[in-house]
Colleague: 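Shown below is the structure under consideration.
Being a predicted model, the structure only gives us computed values, none of them experimental. As a basis for the values below, the full set of heavy atoms in this structure was taken, side chains included, without hydrogen atoms, waters or symmetry mates. Proteins get letters first, then strands, A, B, ... in listed order; numbering begins at 1 in each.
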There are 4 protein chains.
Amino acid sequence: MAIKVGVLGAKGRVGSAVCEGVNAAEDLELVAQVDQGDDLQMLVDAGAQVVVDFTTPGSVMGNLEFTTAHGIHAVVGTTGFDEERLAQVREWTGREGAGHVLIAPNFAISAVLAMSFAQQAARFFDSAEVVEYHHPHKLDAPSGTAIHTAQGIAEARKEAGLGPIPDATEQSLDGARGADVDGVRVHGVRMTGMVAHEDIIFGAQGQSLTIRQDSYDRTSFVPGVLVGVREIAGHPGLTVGLDGYLGI
Amino acid sequence: MAIKVGVLGAKGRVGSAVCEGVNAAEDLELVAQVDQGDDLQMLVDAGAQVVVDFTTPGSVMGNLEFTTAHGIHAVVGTTGFDEERLAQVREWTGREGAGHVLIAPNFAISAVLAMSFAQQAARFFDSAEVVEYHHPHKLDAPSGTAIHTAQGIAEARKEAGLGPIPDATEQSLDGARGADVDGVRVHGVRMTGMVAHEDIIFGAQGQSLTIRQDSYDRTSFVPGVLVGVREIAGHPGLTVGLDGYLGI
Amino acid sequence: MAIKVGVLGAKGRVGSAVCEGVNAAEDLELVAQVDQGDDLQMLVDAGAQVVVDFTTPGSVMGNLEFTTAHGIHAVVGTTGFDEERLAQVREWTGREGAGHVLIAPNFAISAVLAMSFAQQAARFFDSAEVVEYHHPHKLDAPSGTAIHTAQGIAEARKEAGLGPIPDATEQSLDGARGADVDGVRVHGVRMTGMVAHEDIIFGAQGQSLTIRQDSYDRTSFVPGVLVGVREIAGHPGLTVGLDGYLGI
Amino acid sequence: MAIKVGVLGAKGRVGSAVCEGVNAAEDLELVAQVDQGDDLQMLVDAGAQVVVDFTTPGSVMGNLEFTTAHGIHAVVGTTGFDEERLAQVREWTGREGAGHVLIAPNFAISAVLAMSFAQQAARFFDSAEVVEYHHPHKLDAPSGTAIHTAQGIAEARKEAGLGPIPDATEQSLDGARGADVDGVRVHGVRMTGMVAHEDIIFGAQGQSLTIRQDSYDRTSFVPGVLVGVREIAGHPGLTVGLDGYLGI
């Protein structure tokens, strides 16, 4: 039987992509599309089992108070969660019969997997570097994802007792060897036409392993949201980060 | 304190690369180099804690009978193990105080990780294909590794209840869509100058994830052998396949 | 001074992308947007120096008869030109003071360059193969571009007197070695999330050269159209194919 | 009829790879292997039509004086040519009946083609960057080849009147955007296991073009040397750089 899904912020760019994704999935049924001004009671009336919330920091807490209290699970991509807010959500989800909550900063499942694989691989290789590629309108370099990836690699190397990454460079043009993130070099390429791409490269004697992630358009969060929708019934309480759902 | 290592088949092409690798590692000490005609007692006299065996099907069983009986661990890349031989080794390693044994068909650690990551990722993507690249002297296509990778993907998809991979192809030149391995398409490229390379590609809405493995020369098995040497003390009995040692 | 540009089929998906591209270019001025039912005289009144025609086989000949007669140059992406039509256009463009015409089947400038480079490189390498990647809704495999690329490589090899591409394959799963296009192997990958991508791979002793073309979205024809608009004044008569404008 | 080839410095690492390459080519015949202490007259006696010189700055001028005077062509990979030496060689090759000379700093034909294609493509794209990958023992970053490539791109952009490459970066970790070579960003990755690799990336609306060059081992100069040997008879006088022979 299909899971009954409600979408909050259904008329927004992101929300409408989620609605399309739910409609296209045979095992999911879109039963409620809620937007600004609508009454949340619609969700209960429609029998929604899971809601997807890509709304605003101003409305998400009210939404979650309602859904947890009504035993509806919530998959949340809305930003603005600090420790205080997470503690409040955790409290709500701890109540008898409460709906579960998944809050994730990144639903691009290929990016989440790439980061997980990078952390698994890091301790087996002498060398590791990250090269990210984005459109030239991006304001920061390197990307937050690339920095986060490099930090994960650095941490895994440290735990395994690995020393510094080998690098005999003596003569260098300024910037040629990239940014140093906890000892892992990170390079940012800015290229008209590209969207968001990342190479995580590991090297050992006679071999290399490259984990390449490509985002081709702005709907790449949809498959990850649908994983959340499908699996949330099995994850009581509050989960932060999609990786907790990937079984890896 | 360094782990004391003996190498069997030390004068062969593979064995001598292992010797170089052990010598280059600060935490390992090469205490015995054994070759045809040498007495295995050398290993005991030298205090070897772990031996590496890249010899021949004709001599490996004798070697393992000796090492297990003397409480010496053995990391084995020699081929020719069938169920009967594995059962015998398992029996030897089960005895009181016996040396441990690791037998692996593939020590290229990047290839072993690539396959493991492919199996982890498979259930989250609509599409999966494998493209392997080798020198043109290779006799079989696709490579055994690529077939094995595709089978692992197919199995993971099946367990997750995924249907067939989408493919609207109606008009096709013969062979254009590759070989069908349990429903996963596999392509073999043959290219002068290349050594051994593999792309495992996964696709979902708006994104793809590619796991790329490159072997640049014939010493790429060395890092995996050294992982085996370092970790075998913690793996009693017989282990088949390096992935059992990777904690993934 | 900016070149004055008119767009035919301006309200269509392709035409409106051309209009945006012209508007975004500092050296071009959009002076007329013509669609079904509009009078072509608009172009003359607006002082258009170049028109872009992405219309239909049914209307393009009338358009070109008008533009050539009025000394307006035309960059044409409309399909359906056979030898008879080309001969007619050639005749029109040969008249005193006639507008020039560029007709191209493919305006994706990266794809046109990739094919040109492939033809230049082919005679210096032992091996050559093509791997193309498309979304899974594509009906044909391999893509027309990939077949065309392989044919160009085969022709260049033949002219240089090269023999067959080396391939020792003896044991093969059906399809593993791709489709045979004039002796060049071509592989088609179908992958959810991807758009249109091509690897043209050349190999020689100890090295390879890969020409990779990525199309990320359906506006990738725009830069090639703008090259046509900017350069057409210097190319009298009829030119077929954008490569004639690339100076390569 | 096969071209008769002599090799100078035949016992050196490079010279012996050249000898193997000549022996493996059906249209070439190895007639003389000359090394330190041998008399150059051997070349004349053996009827050598072309010699290959990978010797030392100390001996190459004497070799070329001899070969040009005897009407033997010379393909030269020896280093140390300044303007004065080139002028001297040019004078020798200008004499009646003199042997031709090709002096090239780089015989890796894939690298020479990559650079040529980069210069041809540069004026058609908004964006261009270079990422090079080498083993971690390399002392300089970025590589000389990558710097040279970036300079060629910058020059081609300037000739075409292109402005600066778009880049909205406001917040950046030091080094993240690579080294600035005449306005083109260049990134150097250092990776155990890799040999020498380069990505030259171009981007325009909705698309990118990547020229990837891989050197897998130290014999990658051989195919370029053989091109020189085969074509030198048609190139009188002194030619500097293999690109002059590639017809591009």
Colleague: Given the options C/Asp214, C/Val195, C/Ile201, C/Val227, which has more heavy-atom pairs under 4.5 Å with chain D than any of the others?
Modeller: C/Asp214

Colleague: Below 4.5 Å from any heavy atom of chain C, which atoms of D/Arg218 appear? Answer side chain, backbone, both or neither.
Modeller: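 Contact with chain C involves no heavy atom of D/Arg218 at all.
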
Colleague: Heavy-atom pairs under 4.5 Å with chain C: which of D/Gly203, D/Ala196, D/Ser208, D/Gly224 has the most?
Modeller: D/Ser208

Colleague: Contact part of C/Leu246 toward chain D, heavy-atom cut-off under 4.5 Å: side chain, backbone, both or neither?
Modeller: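 Both backbone and side chain of C/Leu246 come within 4.5 Å of chain D.
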
Colleague: As an exercise: rank D/Phe202, D/Tyr216, D/Phe124, D/Phe117 by heavy-atom pairs under 4.5 Å with chain C and give me the winner.
Modeller: D/Phe117

Colleague: Got a sec: does the NE2 of C/His148 have more than 12 other heavy atoms crowding it under 6.0 Å?
Modeller: no

Colleague: Give, as side chain, backbone, both or neither, the part of C/Ile211 having an atom under 4.5 angstrom from any heavy atom of chain D.
Modeller: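 It is both, since atoms from each part get that close.
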
Colleague: On a heavy-atom basis, which atom in D/Ala114 and which in C/Leu209 lie closest, and how many Å separate them?
Modeller: CB-CD1, 4.1 Å

Colleague: Scan D/Ser110, D/Ser220, D/Ser215 and name whichever one has a side chain to side chain donor-acceptor pair (under 3.5 Å) with C/Gln207.
Modeller: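 Among D/Ser110, D/Ser220, D/Ser215, the one that satisfies the side chain to side chain donor-acceptor pair (under 3.5 Å) with C/Gln207 is D/Ser110.
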
